[in-house]
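Read through the structure below, which is laid out as C-alpha cells, and then see the notes.
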Amino acid sequence: MERTGSVFEDQAAAAARCIFHVDMDAFFASVEQRDRPELRGHAVIVGGDGRRGVVAAASYEARRFGARSAMPVGRALRLCPQAVVVPPRHARYREISNAIFAILDEYAERVERLSIDEAFLDMTATADADVLAAARAIKRRISAGTGLTASIGIGESKLVAKLASAYDKPDGLTRIRPDETRRFLDPQPVRRLPGVGPATGARLNEAGILTIGQLRTAPPDLLDGILGRQAESFRARAAGIDPREVAADRPRRSISQESTFEEDLHGLDEITAVIRRQAAQCAERLTARGLYARAVHLKLRSGGFSTLTRSQTLAGFTRSPDEIARAATSMAEGWARYQARIGVRLIGVGVSALAEKPGPEELL
C-alpha cells in the first residue's frame, strides 16, 4: 500500500541535521553523592516525606535492585533496603544545573532545555569530523566544572539523539549516523519509542509487534486498526523520522506544586489548607517569572494510588494566590461531596495557559 504526502517526506531534510541530547546521569542522586563523600558507592534514594513519598532520583547502585524515579519510597526500600534516603535540595540542583547550561550555551547557538538535567543542542553547524570531539569536550567540561557525568546521544533527529543518550549510561557517548538509524532502532523494544505508553505498547505486543523494527515494517492495515489516525506518525517515528527542530528558550507551559503526606488526609479543612499554601507558592513563582495564568489544575491521589485531576479555566489571567486557591478549592469541594471517605496522600495545585503581558482587560 503506497502512501504519499506523509511525514516520510521530511527524512531528507532531517538527515542534514546533527542534534545532541545531553542527559545528566542520576542527577539528583549524583549531586548528593558528590556533596557527601560518605554516600559514594552506596545506594542513594532522593525523595521526600518519608516512606509515603515518591522517589525523585535513584543512584545507579540503587537502580540495580529495581529502585526507580516516580516509585513510592516505601516500595524502593523494599527492593533496596540498604539504600540511604535523603531529602531533595532543589536550590542546590538548580545552582548546578545553571552551571551545566552555561557550558552548553558555549557549544551551541540553540539549546533547548527539557528539564533541570537534560537538553537538546543543535550542532548542525559543526563539521562532521568535529562532532565527536565537541561531545567529548562537553563531557570533560561538565565533569571538571561539576564533578558529575553526562551521557550524550547524537543523531539526525531529536528522537534518535534521545534514545542514543540512554543507550550506554552512565557516562556514555553514542553517535548514530543516518545510515545506522534503522540498525540502531529496529531491535529495541517498541515500548522505548517515544509516545508508546503502557496501553499502546500492550496493544502492539498483543498484535505481535514487539520491536521498533516490527512497528516500522508492519502492514499499514494492521497499524491502522491498532493506532488509528496516529498510525502514520508512529511508523515514521519507528524509522527515526522526527522533523522537530531544537527550539531555544521554549516558553514555560505550566507551574505546579505537590505535597505527599505520611498519613492520609480526610478532612476538607486540612486539604484546603494545603491548597492555599500551594496556591501561594504557585503565585510566587508566577510573579518571579513575570507570568500570569488563566487555568488552574488540581490533583488528588488516594492512598491506593488512584488519581483524580481537575482543571478550571478562569475568566481572566491572574497571579493572585487568592484567585488560584479559590479555583482549586472549588474543585476540591466537588471531590469532597462524593468521595470524602477516601483518604488523600498527595495534593497538587498547578497553573497553565501562561502569558507574559496580558492586556488590562484580560486580567481578573
Q) Cluster question for you: counting only ILVMFWY and a side-chain heavy-atom cut-off of under 4.5 Å, with indirect links fine, are Leu132 and Ile152 together? A) yes

Checklist entry - With the threshold set at 4.0 Å, does a side-chain nitrogen-carboxylate oxygen contact exist between Arg17 and Asp122? => result no

Result for side chain to side chain contact (heavy atoms under 4.5 Å, CB included) between Arg216 and one of Asp186, Leu223, Leu193, Thr211 points to Asp186

Ile226-Val190 co-clustered via ILVMFWY side chain contacts under 4.5 Å
yes

Taken to the nearest 0.5 Å, the spacing of Glu156 CD from Thr181 OG1 works out to 4.0 Å

Salt bridge check: are Lys158 and Asp242 linked by an N-O gap of less than 4.0 Å? no

Tell me whether Asp23 is salt-bridged to Lys162, with the criterion being a basic N under 4.0 Å from an acidic carboxylate O. no

- Applying side-chain hydrogen bond (donor to acceptor under 3.5 Å, both in side chains), run through Asp168 and Thr174 and close with a yes or a no. CA-CA 7 Å; Asp168 191 27; Thr174 303; 4.9 Å; no

Exercise. Could you tell me whether Arg175 and Glu180 make a salt bridge, using a distance below 4.0 angstrom between a side-chain N and a carboxylate O?
Key: no

Audit row: Ser30, Asp25, side-chain hydrogen bond (donor to acceptor under 3.5 Å, both in side chains) steps and yes/no = CA-CA 7 Å; Ser30 295; Asp25 299 318; over 6 Å; no

| field | Main-chain N/O of Val44 paired to Ser59 side chain as donor or acceptor, under 3.5 Å | value | yes

Taking the six-membered ring of Phe317, is NZ or CZ of Arg294 closer than 6.0 Å to its centre and within 45° of its axis? yes

Phe28 meets the ring pair (Phe, Tyr, Trp, His ring centres under 6.0 Å) criterion, sequence neighbours left out, with His90, Tyr93

**Prompt:** Is it true that Arg276 and Asp322 have a side-chain N and a carboxylate O under 4.0 angstrom from each other?
**Reply:** no

CD of Glu270 to CD1 of Ile347, rounded to nearest 0.5 Å, is 8.5 Å

CD1 of Ile96 to CG of Leu148, rounded to nearest 0.5 Å, is 6.0 Å

Same cluster or not: are Leu114 and Val160 linked, directly or through other Ile, Leu, Val, Met, Phe, Trp or Tyr residues, by side-chain heavy atoms under 4.5 angstrom apart?
no

| query | Is it the case that one hydrophobic cluster holds both Tyr292 and Val296, taking links as side-chain heavy atoms less than 4.5 Å apart, direct or via other members? | reply | no

**Message:** Under a 3.5 Å distance rule, please check whether Thr200 uses its side chain to pair with a backbone N or O of Val196 as donor and acceptor.
**Reply:** no

Quick one: do Arg89 and Asp35 make a salt bridge, cutoff under 4.0 Å? yes

- Message: Is it the case that the side chain of Arg310 and the backbone of Lys299 share a donor-acceptor pair, with hydrogens and angles ignored and the cut-off at 3.5 Å?
- Response: no

Heavy-atom neighbours of Glu356 CD exceed 12 at 6.0 Å: no

Discussion item. Taking Arg63's backbone N and O only, do any of them form a donor-acceptor pair with Arg68's side chain (distance below 3.5 Å, no angle check)?
Written reply: yes

Exercise. For Arg277 and Gln257, what are the C-alpha separation, side-chain angles and deciding distance, and is it a side-chain hydrogen bond (donor to acceptor under 3.5 Å, both in side chains)?
Worked result: CA-CA 9 Å; Arg277 184 173 68 249; Gln257 296 288 144; over 6 Å; no

- Item | Donor-acceptor under 3.5 Å (Arg319 side chain, Ala293 main chain) | no

Between Leu173 and Ile154, is the side chain to side chain contact (heavy atoms under 4.5 Å, CB included) condition met? List the steps.
CA-CA 8 Å; Leu173 173 55; Ile154 306 171; 3.9 Å; yes

Chi angles and distances behind the salt bridge (charged side-chain N to carboxylate O under 4.0 Å, His left out) call for Arg113, Glu118: CA-CA 6 Å; Arg113 184 189 294 249; Glu118 64 173 321; over 6 Å; no

- Message: Before you tell me yes or no, could you show the steps for Arg345 and Glu263 under side chain to side chain contact (heavy atoms under 4.5 Å, CB included), namely the whole-Å CA-CA distance, both residues' side-chain angles and the distance that decides it to 0.1 Å?
- Response: CA-CA 7 Å; Arg345 70 177 303 273; Glu263 302 292 335; over 6 Å; no

Got Leu298 and Val349 here, is their nearest side-chain heavy-atom distance under 4.5 Å? yes

Salt bridge (charged side-chain N to carboxylate O under 4.0 Å, His left out) between Lys139 and Asp171, worked out:
CA-CA 8 Å; Lys139 287 167 60 66; Asp171 200 18; 2.8 Å; yes

**Study point:** Main-chain N/O of Gly359 paired to Glu362 side chain as donor or acceptor, under 3.5 Å
**Key:** yes

Q | Check: Gln214 side chain, Leu210 main-chain N or O, donor-acceptor pair, under 3.5 Å | A | yes

Quick check: do Leu39 and Val84 have side-chain heavy atoms less than 4.5 Å from each other?
yes

Tell me if a side-chain donor or acceptor on Thr287 pairs with a main-chain N or O of Ala283 at a distance below 3.5 Å. yes

Rounded to the nearest 0.5 angstrom, the CG-SG distance for Asp128 and Cys18 is 8.0 Å

| request: Give a yes or no answer on whether the side chain of Asn205 reaches the backbone of Ile209 with a donor-acceptor pair at less than 3.5 Å. | output: yes

Ring pair (Phe, Tyr, Trp, His ring centres under 6.0 Å) filter on Tyr167, not counting sequence neighbours, yields Phe184

For this session: Verify, without hydrogens or angle tests, whether Asn98 (side chain) and Arg94 (backbone) share a donor-acceptor contact under 3.5 angstrom.
Result: yes

Q. Hey, any chance Leu363 and Leu291 share a hydrophobic cluster, counting ILVMFWY side chains that come within less than 4.5 Å of each other, even indirectly?
A. no

In terms of heavy-atom contacts, Tyr107 and Ala137 come closest through OH-CB, 3.7 Å

Arg92/Glu95 ion pair, N-O < 4.0 Å: yes

Assess the residue pair Arg326 and Glu323 against the criterion (salt bridge (charged side-chain N to carboxylate O under 4.0 Å, His left out)); give the C-alpha distance rounded to whole Å, side-chain angles, the decisive distance to 0.1 Å, and a yes or no.
CA-CA 5 Å; Arg326 187 176 297 113; Glu323 293 289 350; 2.9 Å; yes

### Message
Determine whether Gln278 and Glu258 satisfy the following criterion, side-chain hydrogen bond (donor to acceptor under 3.5 Å, both in side chains), listing intermediate values before the conclusion.
### Response
CA-CA 7 Å; Gln278 293 178 337; Glu258 290 187 358; over 6 Å; no

Rounded to the nearest 0.5 angstrom, the OG-CD distance for Ser330 and Gln312 is 4.0 Å

Partner of Asp179 under side chain to side chain contact (heavy atoms under 4.5 Å, CB included), picked from Arg183, Arg177, Arg182, is Arg177

Exercise for the section: Please report the C-alpha distance between Phe120 and Arg110 in whole Å, then the side-chain angles of each, then the deciding distance to 0.1 Å, and finally whether the side chain to side chain contact (heavy atoms under 4.5 Å, CB included) criterion is met. Expected result: CA-CA 8 Å; Phe120 285 121; Arg110 284 195 288 173; over 6 Å; no

Within a 6.0 Å radius of atom CD on Gln230, are there more than 12 heavy atoms belonging to other residues, nucleotides or ligands? no

| said: Set out, in order, the CA-CA distance, both residues' side-chain angles and the distance that settles side chain to side chain contact (heavy atoms under 4.5 Å, CB included) for Met123 and Ile19, then state yes or no. | reply: CA-CA 6 Å; Met123 302 294 288; Ile19 295 174; over 6 Å; no

Output for pair (Ile255 CD1, Glu284 CD), nearest 0.5 Å, gives 11.0 Å

